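If you're wondering where the values come from, they're calculated on a predicted model, not measured in any experiment. The residues of the chain are indexed from 1 along the displayed sequence.
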Amino acid sequence: MTIKNQLPEINAQKIVAKSQLFSIEQLDLTFSNGEKRLYERMVGSGRGAVMIVPMLDNDTLLLVREYCAGTHSYMLGFPKGLIDEGETAEVAANRELQEEIAYGSDSLTTITQLLMAPAFFNAKMDIFLATDLYKSSLLGDEPEPLEVVTWSIKDYQKLLQQEDFREARSIAALMLVVDKLRG
């Protein structure tokens, strides 16, 4: 049996903390059964982000190894970034490719849109498969050059075992692209 819940009423909301990247908003809520609660959530820009699974050819994935402050480590994943004001997700995806791996794409296929920690965060990320790549580079905002790593998609299970390939969005993107390419 499926129960359709009524959204709680927002009685009040206020920003309780702010950084360069996020604001934390407090929500004063009343649920349909009369229960009252205070919730906190991170509020992003609202424009969203993109992640791109680039394929150099029918077999070769391109990944980047970059510094991740949250774990103070270098992690392997797919190119990604925020959608800039006035950009579509597709334009942002092609820009991020050129900034991070020095390739553009003549063929971007939308795979899906992921929600990241929706219980606490309103962030969304559009996932793309990029094919028909061509050499092109743009200056990005990375503090150091990113290492570009090639990987055979046939060996995706070995990639899943890599100690530095642990980011959930990259794993989800990889598996969705593997499924799509299998038909």
Side-chain angles (χ1 to χ4, degrees), residues 20-22 44-117 121-183:
Q20 291 178 349
L21 295 177
F22 304 104
S45 70
R47 291 189 304 269
V50 295
M51 176 176 280
I52 312 96
V53 179
M55 294 199 66
L56 193 55
D57 54 41
N58 289 338
D59 179 64
T60 310
L61 297 166
L62 296 176
L63 299 107
V64 292
R65 186 172 283 116
E66 66 181 316
Y67 176 72
C68 297
T71 56
H72 189 58
S73 64
Y74 283 87
M75 299 297 291
L76 190 60
F78 293 110
K80 62 188 168 304
L82 295 174
I83 299 171
D84 289 343
E85 186 135 3
E87 281 185 323
T88 64
E90 291 81 6
V91 168
N94 210 27
R95 176 183 49 76
E96 288 293 339
L97 284 173
Q98 293 172 76
E99 290 176 1
E100 295 191 7
I101 64 168
Y103 281 94
S105 173
D106 281 330
S107 180
L108 287 168
T109 303
T110 301
I111 300 298
T112 195
Q113 185 177 81
L114 299 176
L115 299 178
M116 297 174 286
F121 197 34
N122 69 345
K124 60 185 179 196
M125 178 173 269
D126 291 296
I127 308 295
F128 292 93
L129 170 62
T131 55
D132 298 325
L133 301 183
Y134 57 88
K135 281 281 194 189
S136 179
S137 73
L138 294 172
L139 184 61
D141 58 1
E142 286 73 26
E144 63 184 357
L146 301 180
E147 179 186 355
V148 178
V149 176
T150 59
W151 202 281
S152 170
I153 197 163
K154 292 177 196 145
D155 293 332
Y156 76 91
Q157 290 177 331
K158 188 175 176 190
L159 178 59
L160 291 169
Q161 296 169 6
Q162 291 294 115
E163 297 252 343
D164 62 349
F165 187 74
R166 293 285 183 253
E167 201 234 347
R169 297 172 300 177
S170 286
I171 292 169
L174 173 64
M175 298 314 301
L176 290 166
V177 165
V178 165
D179 282 351
K180 179 169 186 60
L181 295 176
R182 284 183 177 161

Novice: Pairs under 3.5 angstrom only: tabulate donor-acceptor contacts from the side chains of residues 164-173 to other protein residues two or more places apart or in another chain.
Specialist:
unit_1, atom_1, unit_2, atom_2, d
Asp164, OD2, Arg65, NE, 2.8
Asp164, OD2, Arg65, NH2, 2.9
Arg166, NH1, Leu160, O, 3.2
Arg166, NH1, Gln162, O, 3.0
Glu167, OE1, Ser170, N, 3.4
Glu167, OE1, Ser170, OG, 3.0
Glu167, OE2, Arg169, NE, 2.3
Glu167, OE2, Arg169, NH2, 2.6
Ser170, OG, Phe78, N, 3.3

Novice: About how many Å separate CD of Glu99 and CG of Leu146, when rounded to the nearest 0.5 Å?
Specialist: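 Those atoms lie 10.0 Å apart.
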Novice: Looking at every non-hydrogen atom in both residues, tell me the closest pair between Arg182 and Tyr156 and how far apart they are.
Specialist: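 Result for this residue pair: NH2-OH, 2.8 Å.
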Novice: How about Asp106: does its CG atom have over 12 heavy atoms from other parts shown lying under 6.0 Å from it?
Specialist: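 Yes, CG of Asp106 has more than 12 neighbouring heavy atoms, counting only those of other groups under 6.0 Å.
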Novice: Please identify each residue that fulfils salt bridge (Lys or Arg N to Asp or Glu O under 4.0 Å) with Glu85, with sequence neighbours left out.
Specialist: Arg47
Novice: So do the side chains of Val50 and Glu90 get within less than 4.5 Å of each other, counting heavy atoms only?
Specialist: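 In short, these two side chains do not touch, never coming nearer than 4.5 Å.
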Novice: For a quick test of your reading: what N or O donor-acceptor pairs under 3.5 Å do the side chains of residues 128-138 make, sequence neighbours left out?
Specialist:
unit_1, atom_1, unit_2, atom_2, d
Thr131, OG1, Ser107, OG, 3.3
Ser136, OG, Gln98, OE1, 2.7

Novice: Is there a side-chain contact between Tyr103 and Leu56 (heavy atoms, below 4.5 Å)?
Specialist: yes
Novice: Any side-chain heavy-atom pair from Leu97 and Leu62 closer than 4.5 angstrom?
Specialist: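 In short, these two side chains do not touch, never coming nearer than 4.5 Å.
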Novice: Applying side chain to side chain contact (heavy atoms under 4.5 Å, CB included), run through Ile83 and Asp126 and close with a yes or a no.
Specialist: CA-CA 10 Å; Ile83 299 171; Asp126 291 296; 4.3 Å; yes
Novice: Measure the shortest side-chain to side-chain distance between Asp84 and Arg95 over non-hydrogen atoms and say whether it is less than 4.5 angstrom.
Specialist: yes
Novice: Nearest 0.5 angstrom please: Thr110 OG1 to Leu108 CG, how far?
Specialist: 8.0 Å
Novice: Find the distance between OG1 (Thr109) and CD1 (Ile127) and round it off to the nearest 0.5 Å.
Specialist: 13.5 Å
Novice: Taking only residues two or more places apart in sequence or in another chain, which ones pass salt bridge (Lys or Arg N to Asp or Glu O under 4.0 Å) with Lys124?
Specialist: none
Novice: With sequence neighbours excluded, what pairs up with Thr71 under the side-chain hydrogen bond (donor to acceptor under 3.5 Å, both in side chains) test?
Specialist: Ser73
Novice: Any non-hydrogen side-chain atom of Leu174 less than 4.5 Å from a side-chain atom of Leu159?
Specialist: yes
Novice: What's the spacing between Met75 CE and Glu163 CD if we round to 0.5 Å?
Specialist: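 Answer for the CE-CD pair, Met75 versus Glu163, is 9.5 Å.
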Novice: Hey, does Ile52 have a side-chain heavy atom less than 4.5 Å from the side chain of Glu100?
Specialist: no
Novice: Got a sec, which residues hit ring pair (Phe, Tyr, Trp, His ring centres under 6.0 Å) with Tyr74, two or more places apart in sequence or on another chain?
Specialist: Tyr67
Novice: Asp57: what forms a side chain to side chain contact (heavy atoms under 4.5 Å, CB included) with it, not counting sequence neighbours?
Specialist: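 With sequence neighbours excluded, Asp57 shows a side chain to side chain contact (heavy atoms under 4.5 Å, CB included) to Asp59, Thr60, given in chain and number order.
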Novice: Using the side chain to side chain contact (heavy atoms under 4.5 Å, CB included) criterion, which residues pair with Val91? Sequence neighbours excluded.
Specialist: Glu87, Thr88
Novice: Taking side chain as C-beta onward, heavy atoms only, is Thr112 less than 4.5 Å from Leu114?
Specialist: yes
